[in-house]
Amino acid sequence: MHDIRAIKSDPEAFDAAMKRRGAEYRASDLIALDEQRVANTQAMNAAQSEQKSKSKLIGQAKAKGDEEAAKAVMAEVAGLKDEVKRLEERDRELSAELREALLPIPNALAEDVPEGADEDENAELRRWGEPRRIEGARDHVDLGEALGMMDFEAAAKLSGSRFVVLKSDLAKLERALATFMLNLHTEVFGYEEVSPPVLVLSDPLVGTGQLPKFDDDLFRAGDHWLSPTAEVTLTNLVRETILSEEELPKRMTAWTQCFRAEAGSAGRDTRGMIRMHQFSKVELVSVTTPDRSDEEHERMTGCAEEVLKRLDLPFRTMLLCSGDTGFSAAKTYDLEVWLPGQGKYREISSCSNTRDFQARRMEARFRPQGEKKPSYVHTLNGSGLAVGRTMVAVLENYQQEDGSIAVPDVLKPLMGKDRIEAAR
RNA sequence: GGACAGGUGGCCGAGUGGUCGAAGGCGCUCCCCUGCUAAGGGAGUAGGCGGUUUGUCCCGUCUCGAGGGUUCGAAUCCCUUCCUGUCCGCCA
């Protein structure tokens with residue numbers, strides 16, 4: 001959420017930021033709304049002040065036993081009551097209106113985000129590893145089904161399209177991958193492991209930016225929503241809190257199931273495990289001070305990259321362009337892993353710095369050392385990694401001519417074997 | 001789901017209609033005292049909004065889980081709601 005005071009003090013900057021986003025919002029509209037609010041607030045305060053001081057006079061008169069004087073002031077102040085109530089009501093309305101006006105506005109982009117319309121204009125920053133050209137490469141669906149361990153038909157019977165049933169060594173592989181990632185992030189990179197709920201109320205989703213605008217992407221369960229990512233829960237752990245500066249940076253990781261309606265992606269990635277309604281992901285979240293969030297962003301991206309490096313999966317790191325950067329993010333790096341079955345790089349991680357955008361929505365603050373007033377924290381989130389897609393990448397990159405899958409070195413202890421092959 | 005009991009400042013905890021943003025204690029910060037340690041004395045110590053000023057010092061107002069009501073006036077009375085605790089039921 002944008003800071004109305006910042007918009008007021010530099011409307012041109014806001015309008016320019018919206019232009020980069022291709023969004024319609026105008027500083028002048030918001031300022032007009034806020035000016036109404038401020039004028040009303042001042043009138044309200046004046047009326048409250050008068051009512052309060054006169055009520056005190058009544059108390060004083062009564063204390064002295066001067067009923068006459070008390071009655072006189074009571075008559076005087078009686079008329080103020082409705083006025084105060086009216087102004088308070090209006091104040092609530094105008095404050096809510098302003099918040100509702102600000103909530104759908106996307107975050108301002110970081111200065112170094114390249115201009116571009118869509119994902120084709122993202123900037124490739126670096127590559128790691130050599131894309132494997134496997135003769136007659138099969139995709140993960142062929143491989144998984146041939147192994148008898150990946151069953152889309154069974155999943156459809158249970159839950160419809162965009163679900164999968166994994167069995168035997170592939171079920172175990174999912175668990176091994178998640179364990180490997182969590183161990184790396186907690187033991188090497190110092191993230192605290194968290195096991196959060198996956199059903200959440202609306203407020204946390206407003207906090208991270210999924211609501212009010214993107215409810216079509218979410219599944220609903222009664223009063224709850226199914227969380228589309230652990231970013232929601234991990235980030236909202238600091239909602240409405242004031243942290244001390246020593247507590248920062250706060251780094252958290254969680255392995256959770258994620259649920260997405262995929263409303264806008266009918267027909268896309270219909271084959272295989274790339275785009276599911278339910279998938280598991282190891283998430284990384286950092287809460288930092290504003291001056292350190294840029295370096296934390298680099299660090300977090302490095303943590304996600306390290307997973308791919310240790311799994312020896314070729315990837316490239318992309319800086320998303322203006323048109324492809326998500327609503328809440330100021331800047332986003334995507335990691336794209338090489339998939340021999342598709343012959344291209346596919347997104348496997350997305351690491352974003354939202355700066356104070358989510359913090360404002362959540363009222364997540366910290367007290368800078370030596371400062372009286374609290375400031376908003378910066379929040380960052382990244383996948384480290386999407387487990388389902390990582391499995392896809394392992395299957396396709398480690399496939400053998402006979403259809404078996406070599407187990408990556410780092411997973412061998414967790415899998416208890418060095419090859420996944422069909423039961424005979 | 002049923003029955004009770006609660007939700008007050010960083011923490012504990014007092015406060016059942018009148019000058020209460022709120023006693024007291026703890027913690028923390030600063031100062032004084034002190035040979036060290038310990039103890040003692042003094043001052044300070046929430047957040048939002050707005051104004052003023054950019055001398056961050058002052059002023060107004062709101063906030064005692066949340067929302068509404070009664071009243072000239074509510075932490076205190078009434079209603080609704082959320083949450084927590086305990087017991088029962090149920091259950092992984």
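In what follows, chains carry the letters A, B, and so on, assigned in the order in which the sequence lines appear, proteins first and then strands, with residues in each chain numbered from 1. Just so you know, these numbers use all the heavy atoms, side chains as well, and skip hydrogens, waters and symmetry mates.
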Using Watson-Crick geometry (N1-N3 plus N6-O4 or O6-N4) or G-U wobble (N1-O2, O6-N3), each under 3.5 Å, B:C20 is paired with none
Are any of A:Lys52's side-chain N or O atoms less than 4.0 Å away from OP1 or OP2 of B:C20?
no
Basic-acidic side-chain contact under 4.0 Å: A:Glu93, A:Arg90: yes
Note to self: Assess, by modelled atom type and distance only, whether the side chains of A:Glu298 and A:Thr301 contain a donor and an acceptor separated by less than 3.5 Å.
What the structure shows: no
- Indicate yes or no: does A:Asp29 engage A:Arg26 in a salt bridge with an N to O separation below 4.0 Å. no
Name the nucleic acid region contacted by A:Glu88, choosing base, sugar-phosphate or nothing; use a 4.0 angstrom heavy-atom cut-off, strictly under.
nothing
**Prompt:** Taking NZ, NE, NH1 and NH2 as the nitrogens, is one of them in A:Arg20 or A:Glu115 under 4.0 Å from a carboxylate oxygen of the other?
**Reply:** yes
For this session: With C1' as the reference atom in both, quote the distance from B:A75 to B:G2 in angstrom, rounded to an integer.
Result: 31 Å
How about A:His277 and A:Phe259: are their ring centroids closer than 6.0 Å? no
Rounded C1' spacing from B:A22 to B:U63 in Å: 12 Å
note: A:Asp223, atom CG; B:C82, atom C1'; distance rounded to Å ~ 12 Å
Produce the list of close N/O pairs, under 3.5 Å, pairing protein atoms with atoms of nucleotides 50-56 of chain B; give distances to one decimal.
| from | atom 1 | to | atom 2 | distance (Å) |
| --- | --- | --- | --- | --- |
| B:G50 | OP1 | A:Arg37 | NH2 | 3.0 |
| B:G50 | OP2 | A:Arg5 | NH1 | 3.1 |
| B:G50 | O2' | A:Gln42 | NE2 | 3.4 |

From NZ of A:Lys56 across to P of B:A74 the rounded distance in Å is 12 Å
To the nearest angstrom, the CD-P distance between A:Glu363 and B:U63 comes to 18 Å
note: A:Glu35, atom CD; B:C49, atom C1'; distance rounded to Å ~ 16 Å
| Within less than 4.0 Å of OP1 or OP2 of B:A46, is there a side-chain N or O belonging to A:Arg367? | no
Item to check | Span that lies between the C1' atom of B:G85 and that of B:U29, in whole angstrom | outcome: 35 Å
Among the nucleotides B:C62, B:G18, B:G60, whichever has the atom closest to the side chain of A:Gln48 is B:C62
In whole angstroms, the gap separating C1' of B:C49 from CG of A:Asn40 amounts to 12 Å
Paired to B:C91 by Watson-Crick or G-U wobble criteria (both distances under 3.5 Å) is none
Under a 3.5 Å limit on both distances, the Watson-Crick or wobble mate of B:A3 is B:U86
Check your understanding: Expressed in whole Å, how much space separates the C1' atoms belonging to B:G60 and B:A23?
Key -> 26 Å
A:Arg92 has its side chain closest, among B:G21, B:G68, B:G47, to B:G68
Whole-Å distance, A:Lys54 NZ to B:G18 C1', equals 18 Å
Distance check, C1' atoms only: B:G42 and B:G35, in whole angstrom units. 23 Å
In Watson-Crick or G-U wobble terms, with both distances under 3.5 Å, the base opposite B:C28 is B:G44
### Query
If we take the P atom in both B:G67 and B:U8, what is their distance in whole Å?
16 Å
Sorted by position of nearest nucleotide on RNA chain B, 5' first, the leading residue of A:Glu50 and A:Arg365 is A:Arg365
Out of B:C72, B:G69, B:G60, minimum distance to the side chain of A:Ser49 belongs to B:G60
Mate of B:C33 across any strand shown (Watson-Crick or G-U wobble, both atom pairs under 3.5 Å) is none
* Please determine if A:Asp269 and A:Arg389 form a salt bridge, counting it only when a charged side-chain N lies under 4.0 Å from a carboxylate O. => no
Whole-Å distance, A:Arg86 CZ to B:G68 P, equals 17 Å
Exercise. Using atom P of each nucleotide, how far apart are B:C11 and B:U16 to the nearest Å?
Worked result: 23 Å
Interatomic distance, CE@A:Met149 vs CG@A:Asp169, rounded to 0.5 Å, equals 4.5 Å
By the Watson-Crick or G-U definition, both distances under 3.5 Å, B:C58 is matched with B:G51
Between A:Arg251 and A:Glu296, does at least one N-O distance fall below 4.0 Å, as a salt bridge requires?
yes
- Query: Using atom P of each nucleotide, how far apart are B:U45 and B:C58 to the nearest Å?
  - Reply: 10 Å
List, one per line, each side-chain donor-acceptor pair under 3.5 Å for residues 351-359 of chain A, sequence neighbours excluded.
| from | atom 1 | to | atom 2 | distance (Å) |
| --- | --- | --- | --- | --- |
| A:Ser352 | OG | A:Thr332 | OG1 | 2.8 |
| A:Asn353 | OD1 | A:Arg355 | N | 2.8 |
| A:Asn353 | ND2 | A:Ser293 | OG | 3.0 |
| A:Thr354 | OG1 | A:Gln358 | OE1 | 3.4 |
| A:Thr354 | OG1 | A:Thr379 | O | 3.0 |
| A:Thr354 | OG1 | A:Thr379 | OG1 | 2.7 |
| A:Arg355 | NH2 | A:Glu111 | OE1 | 3.4 |
| A:Asp356 | OD2 | A:Arg360 | NE | 3.3 |
| A:Asp356 | OD2 | A:Arg360 | NH2 | 3.2 |
| A:Gln358 | OE1 | A:Thr379 | OG1 | 2.7 |
| A:Gln358 | NE2 | A:Thr208 | O | 3.0 |
| A:Gln358 | NE2 | A:Glu231 | OE2 | 2.8 |

Atom CD of A:Glu89 and atom C1' of B:G68 are separated, to the nearest Å, by 11 Å
